[in-house]
Amino acid sequence: MSSEEITVTLRGSIRKAAKGTPIGELFEREERRTLIAARLNGKLVDLSRPLDQDATIEGVSIDSPAGIDILRHSTAHLMAQAVQSLYPGTQVTIGPATEEGFYYDFARSTPFTSDDLPKIEQRMRELARADEKIERMEMTRDEAVELFARMGEHFKVEILRDLPDDRVSIYRQGDWMDLCRGPHVPSTGWIKAFALLSVAGAYWRGDERNAMLSRVYGTAFPDQASLEEHLELLKLARARDHRRLGRELGLVLFDSRAPGSPFFLPKGAIVVNELIAYIRRLYARYGFKEVITPQIFRNELWRTSGHWELFRENMFLTTDGENAGGELDYALKPMNCPAHAVLYASEKRSYRDLPLRLADFGRLHRAERSGVLHGLTRVRAMTQDDAHIFCTLDQIAQEVDSNLKMVREVYQALGFEQMELKLATMPEEHLGSEQTWRRTEAMLAEAMERNGLSYQTNPGEGAFYGPKIEIYVPDALKRRWQLATIQLDFNMPERFGLEYVSSHGTAEQPVMIHRAILGTIERFLGVFIEHTGGLFPFWLAPEQVRVLSLTDKVESYASELAARLEREGLRVALDARNEKLGFKVRQAELAKVPYIVVAGEREAAAGTISLRRVRGAKAETMTVEELVATLKSEPLPG
RNA sequence: GCCGAUGUAGCUCAAUGGUAGAGCAACUGACUUGUAAUCAGUAGGUUGGCGGUUCAAGUCCGCCCAUCGGCUCCA
């Protein structure tokens, strides 16, 4: 028995323990059933960690957020163990927990395919059943380098060489070991509910100049029921995929002859046009002036703007017919800003003209790499609700505030509660001095703080001409997409030699603020389809009302009704087909038409209709006038 | 771009190397229908494209195109 005692604080109560006692033994037997790790003075550690000095400890249960992360990380290890026992010669690299699961990247000559997953899963189950103890060991970094070099784990050696610490931890389960910071579940038996989901290629350290690794994704939960619930959610999310809904609802078409470039069908065009109409109503209120600018510019413009230097690989280069086959001396615009700079410079500007807010729904084209295209959310042809504000230094704060206000107004109107703000800072490839960058970054940071908005930093992700406030919204599968953006730019005005005459008669350089609220409309629509499941608010619904006739005896009553609603400015369709009512109702429901109006003989006789609101609510009978009033009372934002 | 997978009728999917099918949609007809699928019939295809192997290719091989899952949430 050690005579040395230390003091442990556990849930506010203080007790003594012998020095060297494993943390896990300090908890009650009952609690230990769900305990997989602990916090030692706030730091996550294994339950087997012996206490060597006075400390405050806390249990981490398997179903707490931190516990689930640990479980998933341990599951990643279990997978690596399974993989190395099944496929000798495969090197391990890294295997972190992610928001919804985990992955592990392996280095091997032939990548895994999804056919390998069941086999790996099977081995994992065997290893979990063996319930091997997971033990932590420490050694010096040099010893670890030697160990992993001997094991042929060259990626681990590389990781070790980059670690700052002298001592590193190694985890062992059975005869398998891995370099790892930990902590881990006490034994493999804790890993019960897991599934391997997909395989993918991934570059070592995410850099395409490095080796291609084979990544396996999976997920794990404290119990089988939660796992099944999660898999069910994934299935539901797939059903909400905008690429599926976009086609099913007749909104969008993709064709391999125009990769990354959506066709908007008549219904999709209505939604896009309504969104733009909404933004135009806001422009009137927020003082923006809309302009229309050219599509194709001579390269001279792109050289001036810096796009030629820093954005060319994302641009479609072209030429005129005369020069066909010759020099590509024109390019399709990937952004509107240079055009607006040209427009600004076309007149002598005074401080009295500022702020000058130029809006543009111009169509943009970007040569995105083929592998990144993704439905509507990552496209090559796009329309933004883009605008550029030319203003004085003193006006920046008020302009940024006003745009943040507009962002909030729009996202609230469209039902997005979850948005994330980020401050994207100076990228490696940039124009202008670092000093200017840091100053403008600070201005944006202050603006968000001033408006009570919390944000995270996205280092190195700014545009090449200036830092950005980025607003992200998640899609159905919780992938985040950047929509709105507000960017400060001192470079474009400099490069285009923009000026205004100050009140003192001196020539000054204006600042340019690039901003978009919906961002790219294509992407916005993609995210919005998933957000709403295709059930748009009334003002955006491509078809707002569908009139269903019951039999051909009431066809004329129904068609007159439809004509009446159309005269009221509503988007109406008439379904007078020779089908049963149930069938027509079903089709209208599937088409997500917000109002379904049924006209039968009873209604025709009484001059009424039967109204069914979307999602199977109970039908209500009302007069035609009441119907018109109901429909016309639907709100229109802006 | 890179790694892997996939590509068959408008859509969702079948088809040992041996005559390309089904359901839904479309079209025609019957039924006159009451709030999420009436019945019957008809038509629909250079199996993504080009080339190759084979007596024979949707199926095997090569190249190309497109689509899908991914490509630093730190051992």
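Note that the structure is a prediction, hence the values are computed from the model and not measured. The basis for the numbers below is simple: all heavy atoms, side chains too, and nothing from hydrogens, waters or symmetry mates. All chains are named by letter (A, B, ...) in the order of the sequence lines, taking the proteins before the strands, and each is independently numbered beginning at 1.
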Item to complete: Measure from NZ or CZ of A:R366 to the centre of the six-membered ring of A:F311 and say whether it is under 6.0 Å with the direction within 45° of the ring axis.
Response: no
Worksheet item: What pairs of residues pass the ring pair (Phe, Tyr, Trp, His ring centres under 6.0 Å) test when at least one of them lies in residues 574-595 of chain A, not counting sequence neighbours?
Response: A:F538-A:Y595
Fill in: Side chain of A:T98 - closest among B:A36, B:C73, B:G69
B:C73
Worksheet item: Hey, does A:E99 reach any base, or is it just sugar-phosphate, or nothing, if we go heavy atoms under 4.0 Å?
Response: base
Can you name the atoms? Protein N/O to nucleotides 1-11 of chain B N/O, anything below 3.5 Å, with the distance.
from	atom 1	to	atom 2	distance (Å)
B:G1	OP1	A:S370	OG	2.7
B:G1	OP2	A:S370	N	3.4
B:G1	OP2	A:S370	OG	2.3
B:G1	N7	A:G371	N	3.2
B:G1	N2	A:Y203	OH	2.5
B:C2	O4'	A:Y203	OH	3.4
B:C2	O2	A:Y203	OH	3.1
B:C3	O2	A:G201	N	3.1
B:C11	O3'	A:R247	NH2	3.4

Worksheet item: Is the shortest side-chain N/O distance from A:H374 to OP1 or OP2 of B:G70 below 4.0 Å?
Response: no
Discussion item. Once you apply a heavy-atom cut-off of 4.0 Å, does A:A97 come out as touching a base, just sugar-phosphate, or nothing?
Written reply: sugar-phosphate
Worksheet item: When rounded to the nearest Å, what value does the distance between C1' atoms of B:G4 and B:A40 take?
Response: 47 Å
Discussion item. Using atom C1' in both nucleotides, what's the gap between B:U19 and B:A56 to the nearest angstrom?
Written reply: 12 Å
Discussion item. Distance check, rounded to the nearest 0.5 Å: A:M419 atom CE versus A:L421 atom CG?
Written reply: 5.5 Å
Practice prompt. Answer with base, sugar-phosphate or nothing: what part of the nucleic acid does A:Y217 contact at a heavy-atom distance below 4.0 Å?
Written response: sugar-phosphate
Worksheet item: Which residues satisfy the ring pair (Phe, Tyr, Trp, His ring centres under 6.0 Å) test with A:W190, sequence neighbours excluded?
Response: none
Item to complete: Select base, sugar-phosphate, or nothing to describe what A:Y103 touches, counting heavy atoms under 4.0 Å on all strands.
Response: sugar-phosphate
Worksheet item: Near RNA chain B, under 4.0 Å by heavy atom, which residues of residues 594-608 of chain A?
Response: A:V598, A:G600, A:E601, A:R602, A:E603
Worksheet entry | N/O (side chain, A:R257) to phosphate O (OP1/OP2, B:A66) under 4.0 Å | no
Worksheet item: Within the structure shown, what part of the strands sits under 4.0 Å from A:G375 by heavy-atom distance: base, sugar-phosphate, or nothing?
Response: sugar-phosphate
Practice prompt. Could you pull out all residues at least two apart from A:F536 that satisfy ring pair (Phe, Tyr, Trp, His ring centres under 6.0 Å)?
Written response: A:F528
Practice prompt. Please work out if A:R181 contacts a base, only the sugar-phosphate, or nothing of the nucleic acid, heavy-atom cut-off 4.0 Å.
Written response: base
Worksheet item: Residues in salt bridge (Lys or Arg N to Asp or Glu O under 4.0 Å) with A:K267, at least two apart?
Response: A:E543
Practice prompt. With P as the reference atom in both, quote the distance from B:G23 to B:C39 in angstrom, rounded to an integer.
Written response: 12 Å
Worksheet item: So what does A:G101 touch, heavy atoms closer than 4.0 Å: a base, only the sugar-phosphate, or nothing?
Response: nothing
Worksheet entry | Results of ring pair (Phe, Tyr, Trp, His ring centres under 6.0 Å) for A:Y455 - residues two or more places apart only | none
Fill in: Spacing of the P atoms in B:G45 and B:A9 (rounded, Å)
10 Å
Worksheet item: In whole Å, what separates the P atom of B:U16 from that of B:C27?
Response: 34 Å
Worksheet item: Contact class for A:S610 (heavy atom, under 4.0 Å): base, sugar-phosphate, or nothing?
Response: base
Discussion item. Taking side chain to side chain contact (heavy atoms under 4.5 Å, CB included) as the definition, give me every residue that meets it alongside A:R312, ordered by chain and number, with sequence neighbours left out.
Written reply: A:W308, A:L317
Item to complete: Could you work out the separation of B:C71 and B:U8 based on their C1' atoms and round it to a whole Å?
Response: 31 Å
Discussion item. What's A:L590 touching, base or sugar-phosphate or nothing? Going by heavy atoms closer than 4.0 Å.
Written reply: base
Discussion item. Between B:G48 and B:A66, how far apart are the two P atoms, rounded to whole Å?
Written reply: 16 Å
Fill in: Which residue lies more 5' along RNA chain B, comparing A:V168 with A:F254 via nearest heavy atoms
A:F254
Practice prompt. Name the nucleic acid region contacted by A:I94, choosing base, sugar-phosphate or nothing; use a 4.0 angstrom heavy-atom cut-off, strictly under.
Written response: sugar-phosphate
Discussion item. Counting runs of three or more consecutive pairs, Watson-Crick or G-U wobble, with each distance below 3.5 Å, where are the stems of RNA chain B?
Written reply: B:1-7 with B:65-71, B:10-13 with B:21-24, B:26-30 with B:38-42, B:48-52 with B:60-64
Worksheet item: Is it the case that A:Q587 and A:D575 place a side-chain donor and acceptor less than 3.5 Å from each other?
Response: no
Discussion item. A:D241 and salt bridge (Lys or Arg N to Asp or Glu O under 4.0 Å): which single residue from A:R244, A:R243, A:R238 fits?
Written reply: A:R243
Item to complete: Looking only at side-chain atoms of A:R586, point me to the closest of B:U38, B:G34, B:A37.
Response: B:A37
Practice prompt. Kindly say if A:R215 contacts the phosphate of B:U72, meaning a side-chain N or O under 4.0 Å from OP1 or OP2.
Written response: no
Practice prompt. Using the C1' atom as the reference point in each nucleotide, state the distance between B:G62 and B:A57 in Å, no decimals.
Written response: 15 Å
Worksheet item: Within the structure shown, what part of the strands sits under 4.0 Å from A:K580 by heavy-atom distance: base, sugar-phosphate, or nothing?
Response: base
Please tabulate, for the side chains in residues 372-379 of chain A, all donor-acceptor contacts under 3.5 angstrom to protein atoms that are two or more places apart in sequence or on a different chain.
from	atom 1	to	atom 2	distance (Å)
A:T377	OG1	A:H374	O	2.9
A:R378	NH2	A:E368	OE1	3.0

Worksheet item: Judged by atom type as modelled, is there a donor-acceptor pair below 3.5 Å linking the side chain of A:K468 to the main-chain atoms of A:K422?
Response: no
Worksheet item: Would you say the side-chain atoms of A:E153 and A:Q84 include a donor-acceptor pair closer than 3.5 Å?
Response: yes
Worksheet item: Can a side chain N or O of A:R243 be found less than 4.0 Å away from OP1 or OP2 on B:G69?
Response: yes
Worksheet item: With under 30° as parallel and over 60° as perpendicular, where do the rings of A:H184 and A:H77 fit, or are they tilted in between?
Response: tilted
Response to the item:
Sorted by chain and number, sequence neighbours left out, ring pair (Phe, Tyr, Trp, His ring centres under 6.0 Å) with A:Y203 holds for none
Item to complete: Give me the residues of residues 549-558 of chain A where at least one heavy atom lies under 4.0 Å from an atom of RNA chain B, by number, or none.
Response: A:L550, A:T551, A:D552, A:K553
Worksheet item: Have A:E135 and A:Q173 got a donor and an acceptor in their side chains that come within less than 3.5 Å?
Response: no
